[in-house]
Amino acid sequence: MTLTHKPVGPGSHVFLVDGSSFVFRAYFQSIRQDAKYNYRSDRLPTGAVRLFCTKLLQFVREGAAGRTPTHLAIIFDKSENSFRKEIYPDYKAHRSEPPEDLIPQFPLMRAAVRAFGLTPIEQDVYEADDLIATYATQARAKGADVLIVSADKDLMQLVDPGVTMYDPASGTAGTKGAREERLIDEAEVVDYFGVTPDKVVDVQALAGDSTDNVPGAKGVGVKTAAQLINEYGDLDTLLEKAPGIKQPKRREALTDPEAVKLIRLSKKLVELVRDAPVETKLDDLGLHQPDAKKLVAFLQAMEFTTITRRVGELYGVDIHEIEPDPDFVGPAGWRARNGEVDHAAAPKPVERKEPAAHKLVADGYAPSALAAARKAEALASKIDRSSYETVMSIERLDQWIADAFEAGLVALDTETTSLDPMSCELVGVSLALGPGRACYIPLGHREGGDGDLFGGADLVAGQIPLETAIRQLKPLFEDDAVLKIAQNMKYDLEVLSRYGIAVGPIEDTMLISYALDTGRNNHGLDELAKKHLDHENITFAQVAGTGRNFIGFARVALDKATEYAAEDADVSLRLWRALIPRLPAERKAAVYETLERPMVETLARMERRGITIDRHMLSRLSGEFAQEMVRLEADIFELAGESFNLGSPKQLGDILFGKMGLPGAKKTATGAWSTSASVLEDLAAEGNDFARRILDWRQLSKLKSTYADALPGFVNKETGRVHTCYSLAATTTGRLSSSEPNLQNIPVRNEAGRKIRKAFIASPGHVLISADYSQIELRLLAHIADIPQLKKAFADGIDIHAMTASEMFGVPVKDMPPEVRRRAKAINFGIIYGISAFGLANQLSIPREEASAYIKKYFERFPGIKDYMEATKKTVREKFCVTTIFGRSLHFPRMSSANPSDRAFYERAAINAPIQGAAADIIRRAMVRMDEALTDAGLHAQMLLQVHDELVFEAPEAEAEATIIVARRIMEQAPLPAVHMSVPLHVDARAAKNWDEAH
DNA sequence: CGTACTATT
DNA sequence: ATCCTAAATAGTACGT
């Protein structure tokens, strides 16, 4: 046993690592990765051990949270015979068995700890948490700093000014709700438990803990418990004074002798032992250099490659000279050491054929090896902004262009006067030909100051004339033999096309990232640079200012502008090099090349075309809405007996539930009265006119401000049309999003709203054509989950909701009451969203029990749906990822959350994602093919808008019918040849003078 | 700048 | 036992 005696004292950093929580985390992370990394050649599962070792090495070498340890203990739970089981046999009774593949890895983890020259700490009777508590207490007494590495909230009771918890990152940072690594100090504890660390056990005693099966008090959760403890000071006082509590249920829960016994027992269960008789002395946890040869021998035996190499480098030993540790080689070896588990049953590593490599991947490399090599390369090279050139002469420009032709690829970035590609002016262009080899060509920079009153400021002297630069760059940017790389190429494409350059062929790093990492992180350049290159970009705000200090890019000094602009091109190029090998390695090359990259040109064309709106009609509507609002407002103030700001939910809530004392009050997340439509609808349904009028006013207010008044502001001065901006990489499912303005939420559901839609019109001599997929998500569900009745109904063209109702309620489709069909329709939609009885009950305004019965019935009639849902949940739990039938992967890193309701949320999202995502894939396929199909048919129609399952075209009146035929064919055949659906797709299409009538 | 609300699929 | 409760977005107004 290797122990180093190093007295703990002031200045010592004691790391106490909760080994069990690490082991599980390592395991769940490992199963997200390709199976081939998770088994040794003899099928011994080692994936979790590998990640465990990686993390351990990191702790030993670099520490965590900015500290390096002087003392380090990896502490495990030994077995089942905790003293807590003695005093409460049901303690942790609900714990399920660890995953089969993890079991043989437990002893290997301990072996790994020893290989690192440390002693795995574990003891009978006491759990890891007790040992951590004991060491932490001892270390504090000696004046040392303690860092507890764990995600377990039970340890929060130990936090004090010298004891910090550190929760290492789980999941990928960046996306909504992802758990990032974090330090937990007293403030964090107060945040979580609502009380200071010394009161945490009292709160836990009351709230109980479902995962450990600690009973707590009935009807009391963390929130209530914290409130009680804060009110009464501590648990004893609370229980003493409980008979005086007003709420009967709560009083009962805190006074009943049996209940009180359980609460006191709960406290014993959650309170950690701080004076356990530890077998290893604190002073003996001192950290020292491991025996590198022994460590390497162990890692060799595990057949790890990367970490073995790294250890060899770090400790300066030649790994090739070291034989694998015979104790751990082969089944005989590890079985003899570790007993009994039979690993013959372990699944075989998946053997897949490598797909044809991406055309840009050099021959002779296994793509995954190249991906790893590129990643290492990306992380190794530092970015040096001082090497960037500011191109001020035509000679230098021509040299860069010649070099770009030579290189065969160039990353580019355009700098402009605004973010709107349809109205901005070009300020400069940057190019990158290799890592660190980048330049900036300023073209439209202007002198500081405000310029004279009648025109802009003068151009900065010495810049190449814009027309000259465009003329020189055009052949390069249009040359088929030179690949053009950019981050968000759609923007550059649109800007440059306004200057007469049709850029191509293209690559887009934002979209490569989206194809690889949807849901794992966002895809902005700065975030990708940080993630993949470990590099902090200069931000736009840093060079151009913000708020009233904003000067616009044209006024940025040339040296600053060069650093910023050339860096963007340089970073984009480096990202491309780092990410491109991952496409074939992770089987996403086809997704990128068929569903992402071609959309850039397609959408750029649509955005440039724009759509005409009738501003006069909107202006008239605005007036009408205003008049009606004034009338409603007068009624509302009279009923309220006072005037107030109707647009303020706060003031409205006070009137409704404070002053008027109306029933049915609900609270929002922040504890304010909710005045949401569902609350007001409930009131209105009971005949409350006040609520009805507020709802009417709200609707008009929304239509007026968001649409009637705002849309005309988006009309482009030059084109006279509205040009939305589509984002290809914004959603977690593959859908597009639309902004400035959002043309994907133009009203359609009621009469007043449809008037807005009527203002979207065709230009003279043309019509608008709207073509939308009918029930595409239900059709996809029928196909994916393989539901015979649904498939047959779609094949026969039967009303799907009526069919569902008929199956469920035994009512014939003919003469079905509308209400019955409506319920079936709600259920069908609910299914797609990951139904709950609560949600369905809400939707249909029926009791939850009834909703529950419907769902049960539905699953009985369509058992395949239940199977699909369960299978999807299983997949996302194991892989943190689901995949559409077109191969698009959607990631849910936060499925690792410790919060069960969070996980339930992500499970529902995961049920919906392959359906919504496949629908998004299908319409993308149609869009990519559409322009060429229309041209081939000799038609002049143009695609203008996409609204998830709908495409809007503008076509010459005479070509309306022919256009509809082509559009329908392309849309209905879109899945082919990649996917042969077992359900037909159906597209409805219509032509009219405005969008409302075409829809 | 965060919260509440509402428009669409 | 408790929490939350049907998926995905973008825009506006209020109020700190």
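Note that the coordinates shown come from a computational prediction; the quantities given were computed from them, not determined experimentally. Just so it is clear: chains get the letters A, B, ... in the order the sequence lines come, proteins before strands, and each one is counted from 1.
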Review point. Toward the 5' end of DNA chain C, which comes first, A:K223 or A:S648, by nearest nucleotide?
Key: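 Nearest nucleotide further toward 5': that of A:K223.
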Review point. Mapping A:L844 and A:T224 to their closest nucleotides on DNA chain C, which lands nearer the 5' end?
Key: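 Its nearest nucleotide lies further toward 5', so the answer is A:T224.
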Check your understanding: Ignoring hydrogens and angles, are the base of C:dA6 and the side chain of A:Q843 linked by a donor-acceptor pair under 3.5 Å?
Key ->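 Pair found.
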Name the nucleic acid region contacted by [X], choosing base, sugar-phosphate or nothing; use a 4.0 angstrom heavy-atom cut-off, strictly under.
X      : result
A:G216 : nothing
A:R848 : base
A:V222 : nothing
A:G830 : base
A:E950 : nothing
A:A826 : base
A:I746 : sugar-phosphate

Review point. In chain order, what residues pass the side-chain contact (heavy atoms from CB on, under 4.5 Å) check against A:A909, with sequence neighbours excluded?
Key: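 With sequence neighbours excluded, A:A909 shows a side-chain contact (heavy atoms from CB on, under 4.5 Å) to A:F892, given in chain and number order.
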**Study point:** Partner set under side-chain contact (heavy atoms from CB on, under 4.5 Å) for A:L695, not counting sequence neighbours
**Key:**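 Applying side-chain contact (heavy atoms from CB on, under 4.5 Å) to A:L695 gives A:A677, A:L680, A:E681, A:A684, A:R692.
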Point to revise | Contact summary for A:A729 and A:M510, nearest pair of heavy atoms | key: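 Closest pair (atom of A:A729, atom of A:M510, distance): CB-CG, 4.0 Å.
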Exercise for review: Give the minimum heavy-atom separation between A:S889 and A:T883, together with the two atoms involved.
Suggested key: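 Scanning both residues, the minimum pair turns out to be OG-OG1, 3.3 Å.
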Check your understanding: Are any non-hydrogen side-chain atoms of A:H801 and A:N828 less than 4.5 angstrom apart?
Key ->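 In contact.
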Review point. Within a strict 4.5 Å, meaning less than it, do heavy atoms of the A:D772 and A:V987 side chains meet?
Key: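 The answer is no; the side chains never approach within 4.5 Å.
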Reckon [X] has a side-chain N or O less than 4.0 Å from the OP1 or OP2 of [N]?
X      : N     : answer
A:S739 : C:dT9 : no
A:S836 : C:dC4 : no
A:S738 : C:dT9 : no
A:R908 : C:dA7 : yes
A:T732 : C:dT9 : yes

Check your understanding: Hey, are A:S896 and A:Y906 close enough side-chain-wise for a donor-acceptor pair under 3.5 Å?
Key ->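 On atom types as modelled, these side chains do not qualify, holding no pair under 3.5 Å.
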Exercise for review: Using the P atom as the reference point in each nucleotide, state the distance between B:dA4 and C:dT5 in Å, no decimals.
Suggested key: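 That atom pair is separated by 13 Å.
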Point to revise | P atoms of C:dC4 and B:dT3, separation to the nearest Å | key: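 16 Å, rounded to whole Å.
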Check your understanding: With stacking defined as ring centroids separated by under 5.5 Å and planes differing by under 30°, is A:Y833 stacked against C:dA6?
Key ->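 Answer is no, no stack.
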Atom-to-atom span, [atom1] of [X] to [atom2] of [N] - whole angstrom:
X      : N      : atom1 : atom2 : value
A:K650 : C:dT16 : NZ    : C1'   : 10 Å
A:Y192 : C:dC3  : OH    : P     : 12 Å
A:F644 : C:dC14 : CZ    : C1'   : 14 Å
A:N912 : C:dT5  : CG    : P     : 16 Å
A:N750 : B:dA7  : CG    : P     : 7 Å
A:L840 : C:dA6  : CG    : P     : 9 Å
A:L728 : C:dA8  : CG    : P     : 19 Å
A:D696 : B:dT6  : CG    : P     : 12 Å

Point to revise | Those residues that, when tested against A:K874, pass side chain to side chain donor-acceptor pair (under 3.5 Å) (two or more places apart) | key: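 A:K874 satisfies side chain to side chain donor-acceptor pair (under 3.5 Å) with A:E878 once adjacent residues are dropped.
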Exercise for review: Can you sort out the partners of A:H523 under side chain to side chain donor-acceptor pair (under 3.5 Å), two or more places apart, ordered by chain and number?
Suggested key: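 Per chain and number, A:H523 pairs via side chain to side chain donor-acceptor pair (under 3.5 Å) with A:S513.
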Exercise for review: Specify the residues of residues 677-684 of chain A, ordered by number, for which at least one heavy atom lies under 4.0 angstrom from an atom of DNA chain C.
Suggested key: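 Nothing qualifies; none.
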Review point. Is the ring centre of A:Y854 less than 6.0 Å from the ring centre of A:Y858?
Key: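 No - the distance between ring centres of A:Y854 and A:Y858 does not fall below the 6.0 Å cut-off.
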Of the listed nucleotides [options], the one nearest the side chain of [X]:
X      : options               : answer
A:P747 : C:dT5, B:dC5, B:dT8   : B:dT8
A:N745 : B:dT8, C:dG11, C:dT9  : B:dT8
A:S674 : C:dA10, B:dC5, C:dA7  : B:dC5
A:N645 : C:dC14, C:dA10, C:dA7 : C:dC14
A:N742 : B:dT6, C:dA8, C:dA10  : C:dA10

Review point. Is the shortest side-chain N to carboxylate O distance from A:K758 to A:D996 below 4.0 Å?
Key: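 Result for this pair is yes, salt bridge flagged.
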Practice item. Would you check if the side chain of A:T884 reaches a backbone N or O of A:A918 as a donor-acceptor pair within less than 3.5 Å? Key: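 No.
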Exercise for review: Mind running a 4.0 Å heavy-atom check of residues 697-713 of chain A against DNA chain B and sending the residues that fall below it, in number order?
Suggested key: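 When residues 697-713 of chain A is checked for heavy atoms under 4.0 Å from DNA chain B, the hits, listed by number, are A:R698, A:Q699, A:K702, A:Y707.
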